[in-house]
Structures are given as C-alpha cells and as structure tokens.
Amino acid sequence: MTERIVIVGGGTGGSVLANDLADRLEPELDAGDVEVILVNDGPEQVYKPVWLYVPFGQREPADGRRRLDELVDDAVDLRIDRVSDVDTDAKRLRFDDGPSMEYDYLVLATGSTLEPERIPGLAEGGHDYYSESGATELRDELLSFTEGEIVLSVVGTPHMCPAAPLEFVFMIDDWFRKRGLREDVEVTYTYPIQRVHGNPHIAEWARPIMDERGIDVETFFNAESVDPDAGTITSMEGTELGYDLLVSIPPHAGVDLIEEAGLGDDGWVDVNKHTLEAEAADDVYALGDTAATGVPNAGSVAHYQAGVVGERLASDDRGRPATATYDGKTLCFIETGMDAASFVEFDYENPPSPAPPSQKLHWSKLAYNESYWLTARGLL
Ligand SMILES: Cc1cc2nc3c(=O)[nH]c(=O)nc-3n(C[C@H](O)[C@H](O)[C@H](O)COP(=O)(O)OP(=O)(O)OC[C@H]3O[C@@H](n4cnc5c(N)ncnc54)[C@H](O)[C@@H]3O)c2cc1C
C-alpha cells in the first residue's frame, strides 16, 4: 500500500521538507510506494525577510513571492487549499474546498499569524512590517516622515525573527542620519521584559549600540492599549508614550486548527524539541514557527528542522530506527544600519556571541536573501 506523507504549509519549512523528501525518497516515489503531498492555502510562497527592506524603499513586496509549483519538485503533489481541521485519531484532514484526505504521516508547518486586535487601538493606530500590506503602508508613511517621534513597540513575544525589531531601529537611525534628518526624529524602542531582547547575550550586545545612537529605550513595557486620536500607547506598567508614527511587532499566534486538534496552545504544537514529534499524537511532526521548541521563530530554524524531519520520515518509511535530531541550531544576520550587519549562530547548548558589525556581513545577509529561492528548491 502507498504510504502518504502530508505536509501542511508551503512556507520555508514545508517547501524545504517537500524537496528534501523528493530527493531522499526518490526510489520509493518512483515506485509508487510513497506519496508526498504539500498543501498550502495559496499558490505562492512568501519570503518574509524581504519585508524588513520594503519600508525603506529598498525592496518591493513582489521580491518576496514565488509560485510554489516552480519551487517544489515535480515528484511532490501540490494541493492549493486550506486545511480546516485535523483529526489525529482518524488520521484525517478536512479542507475548505476539496474532499477530506487520510494520512500516514502528517507534518504541520503552518507558521505564525498576526493578532493586532488583541490590543485595543493597535490595528487602527499602529503600522508594521510583519505583513506585506503593513510593510507597504509603512513605506508610504516613512518616505514622507521628516520630523517627530517614532515608537517601535515589541508588543507580543514570541514573534517571528526576534532580531528584526532591533534591526529596524538600527536601520531607521542610520537611514535618517544619512539623510541629515536624525536630529529632527526621536526614536524609542519598547520591550516587554527588563532587557531589550529575549536572549540575554543579544540584549547585552545591543543595548550599548542603542545608547550610543541615541535610541531611547523603555523596558518592562507591555502594551495595553493604543489611542490613535491622541497618538499615545500605554503599557500595563502605567507608562504612556506619545508618537507621531507607531510601528509595532503585533502579538503572534499559530493557526487555530492546532489548538482545536488538541496539539498545543495558541496554535503552537507541543513537540519533543529534539525529534520534533508532536507530544499529543502519533505520526505527527511540526517544524518551523509552528513547533514550540523555544528557539527563535526563524526561517533558518525551519530549514534545519526540515532536514531532521526529512531524515526521520525516510528512516521510518524504510523500517529503520529514526536517529536524526535537532540540536537547536539557529543562524541569523542582524542589520546594524543600512550598510553593516552582525551575525549570530547558536544552539540549545551554545549561546550566541554577536560578531562585530561589518559591511561584509551586511552583503552576506543580502546574498543569503537573494539565494533563498535556491535553498527552498533544495539546491543549496
Ligand atoms: C519582517 C521579517 C523578517 C524576517 N527576517 C528573517 C531573517 O532574516 N532570517 C530568518 O531566518 N527568519 C526571518 N524571519 C522569520 C521567517 O520568515 C519565519 O520564521 C519563517 O517564514 C517560518 O517558516 P515556516 O515554514 O514555519 O512558516 P511560513 O514560512 O510562515 O509558512 C507557513 C505556510 O503555511 C500556510 N498555511 C497556514 N495555515 C494553513 C492551512 N490551514 N492550510 C494550508 N496552508 C496553511 C501559510 O499560508 C504559509 O504559506 C523574518 C520574518 C519577518 C516577518
């Protein structure tokens, strides 16, 4: 009987895994012993790191989109539909449009969603660069902004790319400086805990740079509400900040069907952080943002995890013990201005130690972004 592996989500993790399996299981796929089905709720893949550059007019939103049928190996069946329900007892998926489908193995790679509506006034009063429409609207605001108070508020954690809020304030500082406008623009950064980043090593590295650049910092700032008419954001701790332009990292969650399937809270799947197997169901894996491993929600993480899940699924399929494990590996370039960046690499055992910022690392980040589409195809 043909064994069916279904991957839900054709973002970074899902597409890298689909191509990985097409490669590893080529003989079984050719023989019809296995089928790999990738389900995505749209025909295109979106590469979100491009959005960081859109507000500065350096990239177009279309640079971050490619057709999935051009990215995924022909041996993979691509189904464009939204999964509406997962029944892990019956091993069955339901869809918005098409008929239901049974699976032997299921991989959830459904990513993160934004929930600005959790904070009253945020959707109306704040801008973001964590969505394509948000980044485009922010570009329109920013290009005509020449003086006043910009507040970057990290409202919800965990969120995608924990370094991106730091990158944004470093870039905005440099962007206005290079245009001779920095003295007319105040920049304030808020973070919910007592430091400027969740990881203490990155926080310790970033804080002196912020102080040096005159970026004001408000820690212990858990946003409670935004008043768009008054132009204020207020924290649960009782601090009120005025703004002319509010940029937020909105609260994040995973997709609803995960909680409904009993796989974890807030849409994040509870997994074994080494094997990436779901705690609450057999033959279910999760990877990327969806997997609650405690490491950053980053494309590099999704990529490394896809390799582990691919190897484990191929071993299972061949009746061999699955031995591949994920060690927490995370890689991240951090822009420190418009033409300099740092770099960190860490895992469960080894903390990050940010590299001295350089132009070379900035170009490496841009090259990494450009070569992403080869990575997604499994060519790098
Ligand atoms: C501004 C910004 C900058 C970033 N910069 C970096 C960076 O420099 N480096 C880095 O490593 N990471 C970066 N990231 C984070 C990175 O983009 C994400 O962590 C990564 O995309 C996660 O991959 P994923 O496969 O888990 O999810 P995604 O890539 O989000 O893919 C999930 C897919 O699942 C689909 N889907 C969801 N629900 C369903 C359903 N019910 N049925 C069918 N399909 C569904 C979605 O449409 C989507 O295609 C950045 C993110 C942002 C927002």
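Ligands are counted one by one from 1 in listed order, and the atoms in each one are counted from 1 as well. Atom set for the values below is all heavy atoms of this structure, side chains included, hydrogens, waters and symmetry mates excluded.
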Inset, instruction - Evaluate the criterion side chain to side chain donor-acceptor pair (under 3.5 Å) for residue pair Q45 and S15; output intermediate values, then yes/no. - result: CA-CA 9 Å; Q45 178 175 125; S15 61; 2.8 Å; yes
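- In terms of polar-atom proximity, A298 is counted as a contact of ligand 1, with an N or O under 3.5 Å from an N or O of the ligand.
- Side-chain N/O atoms of D63 and Y53 include no donor and acceptor closer than 3.5 Å.
- Numbered from 1 in the order shown, with element, the atoms of ligand 1 that lie under 4.0 Å from a heavy atom of N297 read 15 (C), 19 (O).
- Heavy-atom minimum distance, S131 versus L114: CB-CD1, 4.0 Å.
- Ring centroids of H252 and Y130 are separated by less than 6.0 Å, placing the two rings close together.
- For ligand 1, none of its N or O atoms has an N or O atom of V8 under 3.5 Å away.
- Ligand 1 is approached by A109 to a heavy-atom distance shorter than 4.0 Å.
- Taking atom 14 (N) of ligand 1 as the reference point, the nearest protein heavy-atom neighbour is C161 CB, 3.5 Å.
- Using a 4.0 Å cut-off between heavy atoms, K365 contacts ligand 1 through its side chain alone, with no backbone atom that close.
- Which parts of ligand 1 touch G288 is read off a 4.0 Å heavy-atom cut-off, strictly below it: atoms 26 (O).
- For Y285 and R312, the side-chain atoms include at least one donor-acceptor pair closer than 3.5 Å.
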Legend entry - side chain to side chain donor-acceptor pair (under 3.5 Å) between T12 and Y372, intermediate numbers included: CA-CA 9 Å; T12 299; Y372 169 75; 3.0 Å; yes
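- Side chains of S235 and E224: no donor on one and acceptor on the other come within 3.5 Å.
- Checked against the 6.0 Å centroid threshold, H201 and F346 do not count as a close aromatic pair.
- For Y130, no nitrogen or oxygen atom sits less than 3.5 Å from a nitrogen or oxygen atom of ligand 1, counting backbone and side chain alike.
- Here's the thing with W51: none of its N/O atoms is less than 3.5 angstrom from an N/O atom of ligand 1.
- A salt bridge links K329 with E345: the closest approach of a Lys/Arg side-chain nitrogen to an acidic carboxylate oxygen falls below 4.0 angstrom.
- In this structure, the protein non-hydrogen atom closest to atom 27 (O) of ligand 1 is G111 CA, 3.4 Å.
- The heavy atom nearest to atom 30 (O) of ligand 1, considering only E44, K48, E132, is found in K48.
- Listed by number with element, the atoms of ligand 1 under 4.0 Å from a non-hydrogen atom of R82 are 40 (C), 41 (N), 42 (N).
- For Y348 and Y326, the gap between ring centers is short of 6.0 Å.
- Of all atoms in ligand 1, numbered sequentially from 1 with element shown, those under 4.0 Å from a heavy atom of G9 are 33 (C), 34 (O), 35 (C).
- The heavy atom nearest to atom 1 (C) of ligand 1, out of those in Y372, F333, Y129, is found in Y129.
- One side chain, E149 or T188, offers a donor N or O that lies under 3.5 Å from an acceptor on the other.
- Side chains of Y103 and E3: a donor-acceptor N/O pair is absent below 3.5 angstrom, by distance only.
- Not a single N or O atom of V255, backbone or side chain, sits closer than 3.5 Å to an N or O atom of ligand 1.
- Y243 and E186 share no donor-acceptor pair across their side chains, judged by distance under 3.5 Å alone.
- No heavy atom of V50 sits closer than 4.0 Å to any atom of ligand 1.
- Checked against the 6.0 Å centroid threshold, F56 and W175 count as a close aromatic pair.
- Annotation: S112 places no N or O atom under 3.5 Å from an N or O atom of ligand 1; distance criterion only.
- Considering backbone and side-chain atoms together, L331 places no N or O closer than 3.5 Å to any N or O of ligand 1.
- Of the candidates D256, N40, T110, T12, it is N40 that places a heavy atom closest to atom 35 (C) of ligand 1.
- Of all protein heavy atoms, the one closest to atom 22 (C) of ligand 1 is D289 OD1, 3.3 Å.
- Ligand 1 has no N or O atom lying under 3.5 Å from any N or O atom of T290, backbone or side chain.
- What sits closest to atom 42 (N) of ligand 1 on the protein, heavy atoms only, is V83 N, 3.0 Å.
- Heavy atoms of P49 found under 4.0 angstrom from ligand 1 belong to the backbone as well as the side chain.
- Scanning the protein heavy atoms around atom 10 (C) of ligand 1, the nearest turns out to be G299 N, 3.3 Å.
- Taking 4.0 Å as the cut-off between side-chain N and carboxylate O, R59 and E370 count as a salt-bridged pair.
- Listed by number with element, the atoms of ligand 1 under 4.0 Å from a non-hydrogen atom of G13 are 25 (O).
- Near D81, the atoms of ligand 1 lying under 4.0 angstrom from a non-hydrogen atom of the residue are 43 (C).
- Looking from atom 46 (C) of ligand 1 to the surrounding protein, the closest heavy atom is D41 OD1, 3.5 Å.
- In this structure, atom 31 (O) of ligand 1 lies nearest to the protein heavy atom G11 CA, 3.2 Å.
- Within the cation-pi definition used here (under 6.0 Å to the ring centroid, within 45° of the axis), R79 qualifies as a partner of F95.
- Side chains of N222 and E237: a donor-acceptor N/O pair is present below 3.5 angstrom, by distance only.
- Only the side chain of L257 comes within 4.0 Å of ligand 1, judged by heavy-atom distances.
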